[in-house]
*Asks:* 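The structure follows.
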Amino acid sequence: MSALVELREATRVYNGGSARAALDGVTLEIGLGELTAIMGPSGSGKSTLLNLVAGLDRPSSGRVVVDGADLTNMSEAALARFRRQRIGFVFQFFNLLPSLTVRENVLVPAQLAGMPAGKAEARSRELLDRLGIAETAGRFPSRLSGGQQQRVAMARALINSPALVLADEPTGALDSATGVQVMELLTELHREGQAILLVTHDAKLATRHAERVVSLFDGKVFDDSRLSRSGAAAGDLVRVVGQEVQR
Amino acid sequence: MLGLLAEEPLHGYEVKSRFERMLGGTWEVNIGQVYATLQRLERDGLIEASGARGDRNKLAYRATEAGRREFEDWLAYPDQEPQQLREGIYLKLLLASRTGDGSLDALLTGQRRVCLQRLRDLAALEEQAQRDGRDDLVLLFKGASFHVEADLRWVDACLDELARRQTDRRTGGDAP
């Protein structure tokens with residue numbers, strides 16, 4: 001099986017409240033090394049899907065398999081282990097620990113996963129260098145710009161060489177120029193073979209960087225589009241029209 | 001055209017090619033239309049011949065003082081033309097909802113895919129314009145992307161409405 005993520009009729013109904021499922025029979029496969037965007041308005045089921053794939057939640061019915069691990073009936077402890085070792089998280093608001101330095105923040109998941117200290121240090125240096133923030137290693141998150149904080153979060157997400165990086169609105173708290181830089185880094189990681197699941201409500205962001213856009217609507221997969229680099233010429237896409245030539 | 005001729009004297013073919021280059025290939029101009037317009041602008045005293053006929057009998061024109069004023073007036077006023085919704089999708093949607101044969105869903109899904117692919121293609125053009133140092137074209141393609149985003153939101157709003165009507169019908173509510 002070449003799929004990294006496999007959902008089969010995955011449904012999640014939350015107790016007490018509406019009968020409507022937050023996720024309603026979703027079947028979806030995501031391949032190794034894909035950069036897939038999950039798009040949809042708020043309430044469409046994006047977060048629920050993300051939580052299931054991340055092992056933060058389990059489906060009410062159906063099946064969720066990620067990187068060969070069947071999460072459907074896994075114990076809490078096993079799910080926690082799975083998350084630490086196989087999933088890297090990048091959140092909208094960075095979620096760095098304010099009392100730890102950049103270096104310490106990046107090392108946390110490695111320590112939790114039991115990586116030998118020397119190896120973890122080397123890997124964290126390599127990642128901070130790779131993401132262009134080596135000089136911030138000894139600083140605290142509050143001393144960094146939003147773009148730098150998000151890079152720290154990316155280093156932290158990558159330290160255990162996860163099978164899948166989940167990026168939940170990773171540019172949502174950044175200005176547009178910094179957002180573009182962060183997305184370019186994610187795209188570069190993807191080119192190097194990292195599977196990334198990007199969750200966003202931003203169509204421009206999704207289509208610019210992902211080759212596949214899965215649209216959710218009312219808890220269901222409403223569309224699954226594979227986009228190409230069509231190389232269309234400007235004149236095939238845009239026609240400016242008006243009377244100005246007559247003046 | 002007045003704007004280009006206010007910059008420097010140009011002959012008809014140069015006006016056409018410079019105009020098209022400025023628009024990055026998004027507006028093709030008929031050379032016959034260019035010559036007809038040049039004649040009209042000259043008749044109205046907004047441009048004048050610049051020097052004698054040159055190579056292959058070509059005549060260059062430049063903007064007159066009146067022409068420059070006209071151009072500056074045009075620049076100074078915001079565009080108040082009615083918004084143009086020329087895409088066939090609007091007509092198709094209106095007609096499909098009147099015949100009510102259930103093809104709306106497929107129509108909207110298809111249109112949505114076109115919008116997504118178009119956003120990706122426009123992003124590629126924007127990046128290329130950026131690499132070429134054409135900041136003016138970057139803005140043009142950004143503008144086009146905003147329009148596609150608006151179309152996408154509109155398609156989503158139509159889908160929302162369609163889903164609401166279907167739910168109303170299932171639950172026996174009164175859909176309009």
Side-chain angles (χ1 to χ4, degrees), chain A residues 18-20 24 35-44 176-177 179-181 183-184 187 200-247, chain B residues 1-3 15-16 19-20 23-30 33-34 36-37 40-41 46 67 70-71 74 79 81 84 86 105 108-110 112-129 137 140-149 152-153 156 159-160 163 167:
Chain A
S18 70
R20 195 171 72 77
D24 192 357
L35 202 176
T36 303
I38 304 288
M39 221 176 81
S42 58
S44 59
S176 59
V180 167
Q181 284 170 9
M183 279 314 301
E184 274 167 6
T187 311
T200 184
H201 70 282
D202 183 342
K204 204 171 168 185
L205 188 82
T207 52
R208 172 169 283 199
H209 299 282
E211 60 243 353
R212 182 178 174 198
V213 178
V214 176
S215 302
L216 291 183
F217 187 70
D218 269 351
K220 293 190 172 79
V221 172
F222 159 75
D223 185 43
D224 187 348
S225 291
R226 285 182 189 275
L227 307 179
S228 60
R229 284 272 175 220
S230 75
D236 296 332
L237 294 172
V238 186
R239 289 283 162 81
V240 182
V241 291
Q243 301 298 312
E244 275 68 22
V245 178
Q246 293 169 25
R247 294 213 65 90
Chain B
M1 279 174 58
L2 267 177
V15 170
K16 170 181 157 68
F19 186 86
E20 288 175 349
L23 270 297
T26 60
W27 191 336
E28 273 181 40
V29 186
N30 177 328
Q33 191 185 5
V34 170
T37 306
R40 195 163 45 72
L41 291 174
L46 299 174
E70 176 89 5
F71 171 59
W74 174 78
D79 191 4
E81 293 289 305
Q84 299 195 11
R86 307 232 296 216
D105 240 336
L108 288 166
T109 312
R112 209 171 168 282
R113 286 189 172 190
V114 170
C115 288
L116 291 175
Q117 179 65 47
R118 185 153 298 178
L119 274 180
R120 187 176 179 87
D121 290 339
L122 285 169
L125 287 178
E126 197 184 312
E127 281 164 19
Q128 185 59 49
L137 281 184
L140 180 80
F141 295 134
K142 264 196 212 300
S145 297
F146 288 137
H147 278 275
V148 179
E149 279 185 296
L152 198 59
R153 286 177 62 181
D156 283 347
L159 284 161
D160 231 359
T167 311

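Every chain is numbered from 1, with letters handed out A, B, ... down the list of sequences. Worth knowing before you read on, the calculation uses all heavy atoms, side chains too, and leaves out hydrogens, waters and symmetry mates.
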*Asks:* Just so I know, are the side chains of A:Phe222 and B:Leu159 near enough to count as touching, which here means a heavy-atom distance under 4.5 Å?
*Replies:*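 Yes, close enough: below the 4.5 Å cut-off.
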
*Asks:* Which value, rounded to the nearest 0.5 Å, describes the distance between A:Leu237 atom CG and B:Leu119 atom CG?
*Replies:*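 A:Leu237 CG to B:Leu119 CG: 10.5 Å, rounded to 0.5 Å.
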
*Asks:* Only pairs of heavy atoms separated by less than 4.5 Å count here; which of A:Ala210, A:Pro41, A:Ala233 has the most with chain B?
*Replies:*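 The answer is A:Ala210.
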
*Asks:* Kindly say whether B:Arg120 contributes a backbone atom to a donor-acceptor pair with the side chain of A:Arg208 at under 3.5 angstrom?
*Replies:*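 Answer holds: no.
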
*Asks:* Does a side-chain heavy-atom distance below 4.5 Å link B:Asp156 with A:Phe217?
*Replies:*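 A side-chain contact under 4.5 Å is absent here.
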
*Asks:* Pick one of side chain, backbone, both or neither for A:Val240, based on which atoms fall under 4.5 Å of a heavy atom in chain B.
*Replies:*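 Both backbone and side chain.
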
*Asks:* Side chain to side chain contact (heavy atoms under 4.5 Å, CB included), that's the test. Do B:Leu23 and A:Val238 meet it? Break it down for me.
*Replies:* CA-CA 10 Å; B:Leu23 270 297; A:Val238 186; over 6 Å; no

*Asks:* Please find the pair of heavy atoms, one from B:Gly24 and one from A:Ala234, that lie closest to each other, and give the distance.
*Replies:*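 The answer is O-CB, 3.2 Å.
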
*Asks:* Any heavy-atom pair between the side chains of A:Arg226 and B:Leu116 that's under 4.5 Å?
*Replies:*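 The answer is no, as the side chains (C-beta and beyond) never meet within the 4.5 Å cut-off.
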
*Asks:* Measure B:Glu127 against the heavy atoms of chain A and call it side chain, backbone, both or neither at under 4.5 Å.
*Replies:*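 Just its side chain gets close to chain A.
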
*Asks:* What part of B:Leu125 gets within 4.5 angstrom of chain A, counting heavy atoms only: side chain, backbone, both, or neither?
*Replies:*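 Just its side chain gets close to chain A.
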
*Asks:* A side-chain contact here means heavy atoms from C-beta on lying under 4.5 Å apart; do A:Asp236 and B:Asp121 qualify?
*Replies:*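 The answer is no; the side chains never approach within 4.5 Å.
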
*Asks:* With only heavy atoms counted, which part of B:Ala144 is less than 4.5 Å from chain A, the side chain, the backbone, both or neither?
*Replies:*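 Side chain only.
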
*Asks:* If you round to the nearest 0.5 Å, how far is CZ of B:Arg112 from OG of A:Ser215?
*Replies:*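 Taking OG in A:Ser215 and CZ in B:Arg112, the distance rounds to 3.5 Å.
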
*Asks:* As an exercise: rank A:Arg239, A:His209, A:Lys204 by heavy-atom pairs under 4.5 Å with chain B and give me the winner.
*Replies:*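 Most heavy-atom pairs within the cutoff with chain B belong to A:Lys204.
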
*Asks:* Can you establish whether the number of heavy atoms outside B:Glu28 located under 6.0 Å from its atom CD is more than 12?
*Replies:*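 At most 12 heavy atoms, drawn from other residues, nucleotides or ligands, come within 6.0 Å of this atom.
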
*Asks:* Is chain A contacted by the side chain of B:Phe71, its backbone, both, or neither, given a heavy-atom distance below 4.5 Å?
*Replies:*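 For B:Phe71, neither part sits under 4.5 Å from chain A.
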
*Asks:* Give a yes or no on whether the backbone of A:Ser228 and the side-chain of B:Gln117 come within a donor-acceptor separation of less than 3.5 Å.
*Replies:*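 It does hold such a pair.
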
*Asks:* Identify which part of B:Leu122 has an atom lying under 4.5 Å from any heavy atom of chain A, answering side chain, backbone, both or neither.
*Replies:*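 It is both, since atoms from each part get that close.
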
